[in-house]
Amino acid sequence: GQNIDQPTEMTATEGAIVQINCTYQTSGFNGLFWYQQHAGEAPTFLSYNVLDGLEEKGRFSSFLSRSKGYSYLLLKELQMKDSASYLCAPFWGGYNKLIFGAGTRLAVHP
Amino acid sequence: GAVVSQHPSRVICKSGTSVKIECRSLDFQATTMFWYRQFPKQSLMLMATSNEGSKATYEQGVEKDKFLINHASLTLSTLTVTSAHPEDSSFYICSGTSGGHSTDTQYFGPGTRLTVL
């Protein structure tokens with residue numbers, strides 16, 4: 001398999017910062033998407049990384065290290081509405097599709 | 001952003017009947033559409049990839065005769081679950097991409113919750 005690994009659950013406090021890590025198999029790796037999914041709803045696109053480094057989009061940033069097979073999603077100034085699952089979805093050459101990780105369920109508390 | 005709709009949002013059917021789910025791209029032409037299934041507290045599992053005007057490519061373990069996919073136009077794909085059984089109860093989600101590569105950003109529909117009694 002593609003060995004996508006991300007924590008199952010995380011908790012954080014409103015207003016804080018949280019980092020959600022994702023590791024994956026590097027062989028043939030092309031790029032990686034992060035999606036947010038609220039319970040019972042479809043995923044929504046958050047970010048896309050192909051090159052090493054940090055991509056910043058408002059309160060959300062995503063980082064990629066191609067050589068290490070590692071990415072993280074950084075959420076700043078957490079809000080209650082950020083409570084959701086966060087899905088790491090790498091894609092590899094030869095696979096014309098995304099493979100989703102199991103997701104990290106984030107609970108934001110007051 | 002790109003909008004994808006699905007219909008119906010929820011469906012309850014009896015065992016042995018067939019159910020059709022529609023997926024439409026509302027403001028873009030989806031050259032490739034994907035169908036996923038998601039069981040509670042699990043991630044999305046890709047069922048099949050379809051390109052407009054051609055036969056769908058099914059993932060290993062997905063029965064093509066049970067899950068019929070049609071992608072007749074650049075804005076519509078349908079998934080028909082034939083002879084549904086309780087184990088087919090799940091959340092079915094479609095997505096579409098507008099670029100020439102299926103690894104372009106996928107935009108997801110709101111999902112269809114199927115319950116088979």
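In this text the structure is predicted, and so the values were computed from the model without any measurement. The sequence lines fix the lettering, A, B, ..., with proteins before strands; numbering per chain opens at 1. Values reported hereafter were calculated over all heavy atoms of this structure, with side chains retained and with hydrogens, waters and symmetry mates removed.
- Within residues 49-57 of chain A, no residue has any heavy atom closer than 4.5 Å to a heavy atom of chain B.
- By the criterion of side-chain heavy atoms lying less than 4.5 angstrom apart, applied directly or through intervening Ile, Leu, Val, Met, Phe, Trp or Tyr residues, B:M33 is not grouped with B:I69; the two fall into different hydrophobic clusters.
- Of the residues considered (B:G109, B:P40, B:S43), B:S43 shows the highest number of contacts with chain A, using heavy-atom pairs under 4.5 Å.
- In the hydrophobic clustering of this structure, A:V18 groups with A:L73; members are Ile, Leu, Val, Met, Phe, Trp, Tyr whose side-chain heavy atoms approach within less than 4.5 Å, directly or through other members.
- With a 6.0 Å radius and a threshold of 12 heavy atoms from other residues, nucleotides or ligands, A:Q19 has its CD atom above the threshold.
- In the hydrophobic clustering of this structure, A:Y48 groups with A:L98; members are Ile, Leu, Val, Met, Phe, Trp, Tyr whose side-chain heavy atoms approach within less than 4.5 Å, directly or through other members.
- In this structure, B:K66 places its NZ atom where more than 12 heavy-atom neighbours from other residues, nucleotides or ligands lie under 6.0 Å away.
- A continuous path of Ile, Leu, Val, Met, Phe, Trp and Tyr side chains, each step under 4.5 Å between heavy atoms, connects B:M47 with B:I21, placing both in one hydrophobic cluster.
- Proximity to chain B among residues 100-108 of chain A is limited to A:F100, A:G101, A:A102, A:R105, judged by heavy-atom separations below 4.5 angstrom.
- Contact annotation for B:L46: only side-chain heavy atoms (C-beta onward) come within less than 4.5 Å of a heavy atom of chain A.
- Residues that satisfy the ring pair (Phe, Tyr, Trp, His ring centres under 6.0 Å) test with B:F91, not counting sequence neighbours, are absent from this structure.
- Applying the 6.0 Å contact sphere to CE of A:M10 captures more than 12 heavy atoms from other residues, nucleotides or ligands.
- Linking ILVMFWY side-chain heavy atoms closer than 4.5 Å, directly or via other members, places B:L68 and B:W35 in two distinct hydrophobic clusters.
- Taking every heavy atom of both residues into account, A:P43 and B:F108 meet most closely at O-CB, 3.5 Å.
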Show me the side-chain donor-acceptor pairs of residues 3-12 of chain B shorter than 3.5 Å, one per line, residues at least two apart or across chains.
residue : atom : partner : partner atom : Å
B:Q6    : OE1  : B:C94   : N            : 3.1
B:Q6    : OE1  : B:G111  : N            : 3.0
B:Q6    : NE2  : B:Y92   : O            : 3.0
B:Q6    : NE2  : B:T112  : OG1          : 3.1

